[in-house]
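Shown next, in structure tokens, is the structure this report addresses.
None of these values were measured; they are calculated from a predicted model.
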Amino acid sequence: MCELFGISSATPTRVHYSLEEFSKHGGLTHMNKSGWGISYYQDRDALLFKEAAPASDSRLVQFIADQELSSRCVIAHVRRASIGKDKLENTHPFHREVGGYVHVFAHNGSLPDLEAAMPLDGRFTPVGETDSEHAFCALLDRLVRERPDTSQLPVQARMSVVAEFARELRGIGTANFLYFDGDTLFAHAHKRSYDDGGVLSEPRAPGLSIANRSEILTSGLRVTATDRDTRSVMLASVPLTPEGWSPLEEGAVVALRAGCLVDQINPS
């Protein structure tokens with residue numbers, strides 16, 4: 001099963017990321033060989049690295065690990081393909097321009113028959129074959145329908161659209177995702193498969209865990225805030241350290257801005 005990782009921080013935060021090592025936290029390294037990607041948001045744009053190949057064979061992964069890259073919002077993904085071949089266009093995170101901002105999306109799960117359940121209106125079109133990218137386009141369709149310049153929508157209005165979208169996805173399949181619109185990082189926790197003694201389990205909660213912290217050092221991942229007193233919130237498919245992480249309730253949607261929780265909707 002794929003792995004998600006995200007950060008929302010009040011100040012730019014340095015992230016040194018070894019995707020091959022990081023994926024071991026889910027116990028699924030041997031399965032997550034379909035690709036990897038990481039996005040560092042900068043102003044209105046995103047610096048995006050991704051490959052449709054195992055991170056263990058990538059010189060680019062080592063290059064990124066050696067850099068002093070920093071960002072207020074980082075989204076990373078290690079892929080195990082379920083729908084769509086191992087191609088660059090099927091590799092997360094995905095990005096699109098909306099209202100003068102680049103929007104970034106990554107998904108963990110499987111959404112069979114999504115195209116029939118959520119047809120697109122043509123404003124956004126998938127480049128690849130994945131259910132994940134189709135879901136991203138469907139979400140953007142809905143947001144633009146509310147207002148073409150989505151950054152001008154109050155966060156509660158955007159949250160309402162994202163939460164309803166997430167609720168519908170849960171009726172289709174497994175739907176953990178991270179979505180950043182240039183202002184707010186939205187996260188939806190559903191359920192995911194786990195490594196139960198070498199056997200991939202049926203999907204179960206939690207799909208995401210959350211932590212408030214400015215620094216983390218663990219195998220494959222080093223996060224350091226440029227300001228030691230900065231606010232920072234992290235999200236991960238699997239807790240990265242023994243302490244400080246709380247599972248998000250199945251069906252919960254959270255909105256994070258500048259390292260603060262600004263809104264949360266739990267399932268009724």
Please find the pair of heavy atoms, one from [X] and one from [Y], that lie closest to each other, and give the distance.
X	Y	value
Ser193	Ser201	OG-O, 3.0 Å
Val102	Tyr41	O-OH, 2.6 Å
His134	Leu120	CE1-CG, 3.5 Å
Pro93	Gly37	CD-C, 3.6 Å
Ala252	Asn266	CB-OD1, 3.4 Å
Arg72	Asp43	NH2-O, 4.4 Å

| field | Stepwise side-chain contact (heavy atoms from CB on, under 4.5 Å) test for Arg142 and Glu168 | value | CA-CA 13 Å; Arg142 296 183 180 204; Glu168 291 182 31; 2.7 Å; yes
Does the side chain of [Y] come within less than 4.5 Å of [X]'s, by heavy atoms?
X	Y	answer
Phe124	Phe136	no
Leu48	Lys50	yes
Arg145	Asp141	yes
Leu208	Leu178	yes
Pro12	Ser71	no
Asp113	Ile172	no

Please check this pair: side chain of [X] against backbone of [Y], looking for a donor-acceptor N/O pair closer than 3.5 Å.
X	Y	result
Thr13	Thr11	yes
Asp263	Val155	no
Glu146	Leu153	no
Ser9	Gly259	no
Thr174	Ser110	yes

| Atom CD of Glu115: over 12 foreign heavy atoms under 6.0 Å |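 No, CD of Glu115 has 12 or fewer neighbouring heavy atoms, counting only those of other groups under 6.0 Å.
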Can we say [X] and [Y] salt-bridge, meaning some charged N sits less than 4.0 Å from an Asp/Glu carboxylate O?
X	Y	result
Arg192	Glu3	yes
Glu51	Lys87	no
Arg158	Asp183	yes

Rounded to the nearest 0.5 Å, what separation is found between the [atom1] atom of [X] and the [atom2] atom of [Y]?
X	Y	atom1	atom2	value
Phe94	Glu133	CZ	CD	5.0 Å
Arg204	Lys191	CZ	NZ	11.5 Å
Thr130	Leu111	OG1	CG	9.5 Å
Leu256	Phe180	CG	CZ	10.0 Å
Leu139	Phe165	CG	CZ	5.0 Å

| query | Taking the six-membered ring for Trp, are Phe105 and His95 ring centroids under 6.0 Å apart? | reply |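 Ring centroids of Phe105 and His95 are no less than 6.0 Å from each other.
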| message | Parallel, tilted or perpendicular, judged at 30° and 60°: which one describes the rings of His92 and His77? | response |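 Aromatic pair His92/His77 classed parallel.
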| task | Kindly assign one of parallel, tilted or perpendicular to the pair Tyr179 and Phe186, based on the angle between their ring planes and the thresholds 30° and 60°. | result |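 Parallel, since the angle between the ring planes stays under 30°.
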